[in-house]
Amino acid sequence: QVQLVESGGGLVQPGGSLRLSCAASGRIRRINVMGWYRQAPGKQRELVARIPSGDTTNYADSVKGRFTISRDNAKNTVYLQMNSLKLEDTAVYYCNAGVISATTYTYLDVWGQGTLVTVSS
């Protein structure tokens with residue numbers, strides 16, 4: 001079984017910064033893509049940023065230039081540095097990973113439990 005555990009959410013004022021972390025654990029052969037999604041109240045879950053195993057990164061237009069995704073493959077961890085936060089960034093942020101299981105050698109689409117980010121003055 002593979003688990004993702006997020007941390008780093010909280011309350012921040014507009015213009016502030018937060019750093020989210022997500023660590024994968026369990027029987028992992030390889031992690032392919034890792035990413036962050038978010039879901040605001042009354043809205044659908046949307047992609048924020050994703051990073052495949054290489055250096056390529058993808059961002060939602062709404063966060064380009066403000067958010068940075070990175071990963072530490074040795075620690076099976078992905079980070080999301082969020083700067084210049086806006087009110088509309090308020091949401092539950094979910095970590096996601098595409099994992100090859102070390103026991104079944106099958107592809108698993110794994111989600112974290114979510115961490116709340118609230119941007120408010």
Side-chain angles (χ1 to χ4, degrees):
Q1 185 149 354
V2 177
Q3 293 182 327
L4 299 177
V5 178
E6 301 124 330
S7 60
L11 174 65
V12 63
Q13 292 185 339
S17 299
L18 280 176
R19 188 190 193 212
L20 305 183
S21 299
C22 171
S25 62
R27 296 186 173 274
I28 299 170
R29 176 172 175 80
R30 186 178 71 250
I31 299 178
N32 291 344
V33 62
M34 299 189 82
W36 291 94
Y37 292 71
R38 67 185 181 187
Q39 188 167 17
K43 295 188 176 181
Q44 291 187 333
R45 190 174 298 188
E46 62 176 2
L47 173 69
V48 176
R50 61 195 296 269
I51 180 168
S53 56
D55 294 330
T56 303
T57 56
N58 306 108
Y59 294 94
D61 288 343
S62 59
V63 306
K64 283 181 181 177
R66 300 188 297 122
F67 291 10
T68 302
I69 189 170
S70 61
R71 62 189 283 179
D72 184 335
N73 292 325
K75 296 181 179 180
N76 288 337
T77 299
V78 63
Y79 306 96
L80 186 68
Q81 178 66 44
M82 305 185 292
N83 299 328
S84 302
L85 283 160
K86 303 177 179 180
L87 296 176
E88 53 264 41
D89 293 318
T90 295
V92 177
Y93 284 70
Y94 296 90
C95 179
N96 173 253
V99 178
I100 304 297
S101 168
T103 54
T104 63
Y105 284 57
T106 56
Y107 182 87
L108 305 176
D109 186 28
V110 186
W111 290 88
Q113 79 285 357
T115 185
L116 178 62
V117 172
T118 302
V119 184
S120 175
S121 56

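The analysis underlying the following values was restricted to heavy atoms, covering all of them including side chains, and did not include hydrogens, waters or symmetry mates. This one's a predicted model, so the numbers in the text were calculated from it and none came from an experiment.
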Exercise for review: Check step by step if side-chain contact (heavy atoms from CB on, under 4.5 Å) holds for Arg38 and Lys43.
Suggested key: CA-CA 9 Å; Arg38 67 185 181 187; Lys43 295 188 176 181; over 6 Å; no
Check your understanding: Okay, side chain of Thr90, backbone of Leu87: is any donor-acceptor separation there less than 3.5 Å?
Key -> yes
Check your understanding: Say you draw a straight line from NZ of Lys75 to OG of Ser21; how long is it, rounded to the nearest 0.5 Å?
Key -> 9.5 Å
Exercise for review: Please list, chain by chain and in numerical order, all residues satisfying salt bridge (charged side-chain N to carboxylate O under 4.0 Å, His left out) with Asp61, sequence neighbours excluded.
Suggested key: Lys64
Exercise for review: Kindly determine whether Asp89 and Val117 satisfy side-chain contact (heavy atoms from CB on, under 4.5 Å), including the steps that lead there.
Suggested key: CA-CA 8 Å; Asp89 293 318; Val117 172; 5.5 Å; no
Review point. For Pro14 and Ser121, which heavy atoms make the closest approach, and how far apart are they?
Key: CD-N, 3.8 Å
**Study point:** Where Tyr59 and Thr68 come nearest, the two heavy atoms and their spacing
**Key:** OH-CA, 3.4 Å
Check your understanding: Does Gln44 CD have over 12 foreign heavy atoms under 6.0 Å away?
Key -> no
**Study point:** Between CE on residue Met82 and OH on residue Tyr93, distance to nearest 0.5 Å
**Key:** 5.5 Å
Review point. For Ile28 and Asn76, which heavy atoms make the closest approach, and how far apart are they?
Key: CD1-ND2, 3.9 Å
Point to revise | Side chains of Asn58 and Arg50, donor plus acceptor under 3.5 Å | key: yes
Exercise for review: Output yes when a side-chain donor or acceptor of Ser120 lies under 3.5 Å from a complementary backbone atom of Thr118, and no otherwise.
Suggested key: no
Practice item. Please check if the side chain of Glu6 supplies one atom and the backbone of Cys95 the other of a donor-acceptor pair under 3.5 Å. Key: yes
Check your understanding: Hey, does Phe67 have a side-chain heavy atom less than 4.5 Å from the side chain of Val48?
Key -> yes
Check your understanding: If you group Ile, Leu, Val, Met, Phe, Trp and Tyr by side-chain heavy-atom gaps below 4.5 Å, do Leu20 and Val33 land in one group?
Key -> no
**Study point:** Quiz item: cation-pi between Arg19 and Tyr79, 6.0 Å / 45°
**Key:** yes
Check your understanding: So which heavy atom on Met34 is nearest to which on Val78, and how close?
Key -> CE-CG1, 3.7 Å
Review point. Tell me, do Trp36 and Cys22 make a side-chain contact under 4.5 Å, heavy atoms counted?
Key: yes
Review point. Linking I/L/V/M/F/W/Y whenever their side-chain heavy atoms sit closer than 4.5 Å, directly or via other members, would Val2 and Ile51 fall into one cluster?
Key: yes
Check your understanding: Are Leu108 and Ile31 in one and the same hydrophobic cluster, where Ile, Leu, Val, Met, Phe, Trp and Tyr link if side-chain heavy atoms are under 4.5 Å apart?
Key -> yes
Point to revise | Closest non-hydrogen atom pair between Ala49 and Leu80, with its separation | key: CB-CD1, 4.3 Å
Point to revise | Residues Tyr105, Arg29; criterion side-chain contact (heavy atoms from CB on, under 4.5 Å); working and verdict | key: CA-CA 7 Å; Tyr105 284 57; Arg29 176 172 175 80; 3.3 Å; yes
Check your understanding: Nearest 0.5 Å, what's the CD-OG distance between Glu46 and Ser62?
Key -> 5.5 Å
Practice item. Answer with yes or no whether the side chains of Asp72 and Thr77 bring together a donor and an acceptor at under 3.5 Å. Key: no
Practice item. Each residue besides Trp111 in its hydrophobic cluster should be listed here, by chain and number; the cluster joins Ile, Leu, Val, Met, Phe, Trp and Tyr at side-chain heavy-atom distances under 4.5 Å. Key: Tyr37, Leu47, Val92, Tyr94, Leu116
Practice item. Would you name the heavy atoms of Ser84 and Ser17 that are closest together and state the gap between them? Key: N-OG, 4.4 Å
Review point. Is there a side-chain contact between Asn96 and Asp109, using heavy atoms and a 4.5 Å cut-off?
Key: yes
Exercise for review: Can you measure from CG (Asn83) to CZ (Arg66) and round to the nearest 0.5 angstrom?
Suggested key: 9.0 Å
Exercise for review: Given side-chain contact (heavy atoms from CB on, under 4.5 Å), test Asn73 with Arg71 step by step and report yes or no.
Suggested key: CA-CA 6 Å; Asn73 292 325; Arg71 62 189 283 179; 2.7 Å; yes
